[in-house]
Amino acid sequence: PKDLVLLSKMSLIKTIWNGLDSRLDKQQYFKWFNYLAVIILVGEAVLNAAIIKRVPYTEIDWVAYMQEVEGVVNGTWDYTKLKGDTGPLVYPGGFVALYWILYTITGKGADIALAQWIFAALYLLTAFFVLKIYKHSRALPLWAVGLICLSRRVHSIFVLRLFNDCFAMMFLFLAMYLFIKDHWSLGCFFYSVAVSIKMNVLLFAPGLAVLLVKRFGILPSLPKLLICAYVQVVVAIPFMLENPFGYLKMSFDLGRKFIFYWSVNWKFVPEEIFLSDMWGLSLLALTLSFIILFAIFKWTPEEGLFKLIFSSWTKPLVFNKQSGVVLSAEHIATVMFTSNFVGIVFSRSLHFQFYSWYWFTLPYLLWLTNVPTLLKLVLLGVIEVVWNIFPSTPESSATLFLCHMVLLIFIILAPVNPSYTTKMKPAALKPKKE
């Protein structure tokens with residue numbers, strides 16, 4: 001009997017370890033996920049409050065943000081003349097609008113405590129949308145969802161550093177949730193809002209472009225792209241009227257070089273190489289190569305990339321809402337998250353706040369692979385440890401790059417899941433012969 005009890009307990013542990021959700025239907029999974037989400041959000045609220053109360057605030061960019069906005073408040077609309085203690089303003093116009101609001105609410109930036117509470121609420125809102133994405137994708141076992149709460153560095157980025165990256169990523173996750181709910185116009189609006197705060201969100205753009213074509217076709221996707229363009233024009237108009245070339249150069253400077261000291265990912269590369277144009281071009285070439293690889297082999301399994309490009313000008317090849325054939329939440333999340341991750345792996349430089357660009361996606365990316373659960377947890381733990389080493393060292397940077405590459409390779413080698421889910425006619429999944 002004792003052996004049977006032990007065997008039963010081990011079986012239960014193994015079931016939970018392998019993913020309790022595998023034995024639950026969709027409604028049951030959603031039910032238990034909702035309970036878990038409430039626990040996570042309540043726990044995060046308590047944790048963020050404790051951090052604000054007990055851990056000293058660290059000034060890095062908040063004062064500079066306020067100085068940059070104050071220039072606009074004082075009537076300077078020429079982007080080339082807006083600057084703070086850390087240098088010139090290098091973010092798009094949405095950043096100015098957002099931080100102008102924060103400037104006003106916090107008494108010209110003086111009430112740091114209030115700003116921290118605002119960012120604590122922002123963290124909870126970000127976690128809420130991330131949980132929504134995870135819930136509908138059903139890509140993780142329930143116990144693994146809680147991993148999104150475990151980053152010391154990301155909590156610091158939000159409530160102790162007050163970086164604009166936090167707002168950009170919240171709007172990005174909101175946009176993704178809207179895509180999953182098939183609200184593409186509104187999703188594109190908030191996606192562009194995220195880009196207008198910080199252009200790192202453009203790393204998601206290749207994936208979004210593929211999803212738009214799969215959902216609508218090429219020409220019908222253009223109105224969605226116009227929505228994105230409209231947001232950028234609106235936030236830019238006051239500055240474009242003053243100095244259009246100055247605005248474009250400062251807010252979307254794709255060739256900007258970063259300071260070697262702050263790089264988290266390339267400290268094992270000699271500084272002269274890190275700063276060279278050839279290094280930047282090489283990383284860009286690698287990024288584009290892997291994006292094309294993913295687009296061909298991972299993002300378009302039913303259509304094929306080239307057929308998608310040449311045969312979906314006026315309508316989608318497979319998507320058919322009337323027949324119940326729709327893009328799956330898992331596919332939308334997978335395409336967007338992997339698009340961003342490729343950009344992260346070969347980024348010209350990663351600073352400490354950039355960790356917020358992909359931390360919340362790491363559990364999802366790890367569970368795309370077929371590697372043992374223990375290895376997934378080891379990779380996640382090592383990445384977190386490396387991001388908490390300050391200043392970064394050649395060894396920590398090399399370790400981070402190795403972890404990134406291992407994860408990227410495992411994702412590439414993993415089986416490709418169907419892009420679509422069908423509610424009515426499974427046969428409709430097969431593209432019609434031309």
Is the charged tip of [X] near the ring of [Y]: under 6.0 Å from the six-membered ring centre and within 45° of its axis?
X: K267; Y: Y261; result: yes
X: R138; Y: Y29; result: yes
X: K135; Y: F30; result: yes

Closest approach of S263 and F274, non-hydrogen atoms and distance?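 Looking at all heavy atoms of both residues, the shortest contact is OG-CE1, 3.8 Å.
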Check the side chains of Q232 and S196 for a donor-acceptor pair under 3.5 angstrom, ignoring hydrogens and angles. no
Nearest 0.5 Å, what's the CE-CD1 distance between M336 and I180? 9.5 Å
Separation between CG (N48) and SG (C149), nearest 0.5 Å, reads 10.0 Å
Mind jotting down which residue pairs meet the salt bridge (charged side-chain N to carboxylate O under 4.0 Å, His left out) criterion with at least one end in residues 193-203? Sequence neighbours excluded, please. D165-K198
Checking the side chain of K298 only, and the main-chain atoms of A414 only, is there a donor and an acceptor separated by less than 3.5 Å?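 Judged by distance alone, yes, a pair lies under 3.5 Å.
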Main-chain N/O of W100 paired with T104 side-chain donor or acceptor, under 3.5 Å: yes
Qualifying residue for ring pair (Phe, Tyr, Trp, His ring centres under 6.0 Å) with H404, from F290, W387, F410, Y358: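 Going through F290, W387, F410, Y358 one by one, the ring pair (Phe, Tyr, Trp, His ring centres under 6.0 Å) with H404 is satisfied by Y358 alone.
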Taking atom [atom1] of [X] as the centre, does the number of heavy atoms from other residues, nucleotides or ligands within less than 6.0 Å exceed 12?
X: I259; atom1: CD1; answer: no
X: Y35; atom1: OH; answer: no
X: W32; atom1: CH2; answer: no
X: Q27; atom1: CD; answer: no

Are [Y] and [X] an aromatic pair, judged by ring center distance below 6.0 Å?
X: Y177; Y: H183; result: no
X: Y99; Y: Y65; result: yes
X: F179; Y: W184; result: yes

For R161, give me all partners under salt bridge (Lys or Arg N to Asp or Glu O under 4.0 Å), at least two apart in sequence or on another chain.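 Expected list: none.
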Taking only residues two or more places apart in sequence, or in another chain, which ones meet D85 in a salt bridge (Lys or Arg N to Asp or Glu O under 4.0 Å)?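 D85: no salt bridge (Lys or Arg N to Asp or Glu O under 4.0 Å) contacts found.
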For the pair E303 and K214, evaluate salt bridge (Lys or Arg N to Asp or Glu O under 4.0 Å) and give the outcome as yes or no after the intermediate values. CA-CA 9 Å; E303 308 92 343; K214 294 183 74 164; 3.6 Å; yes
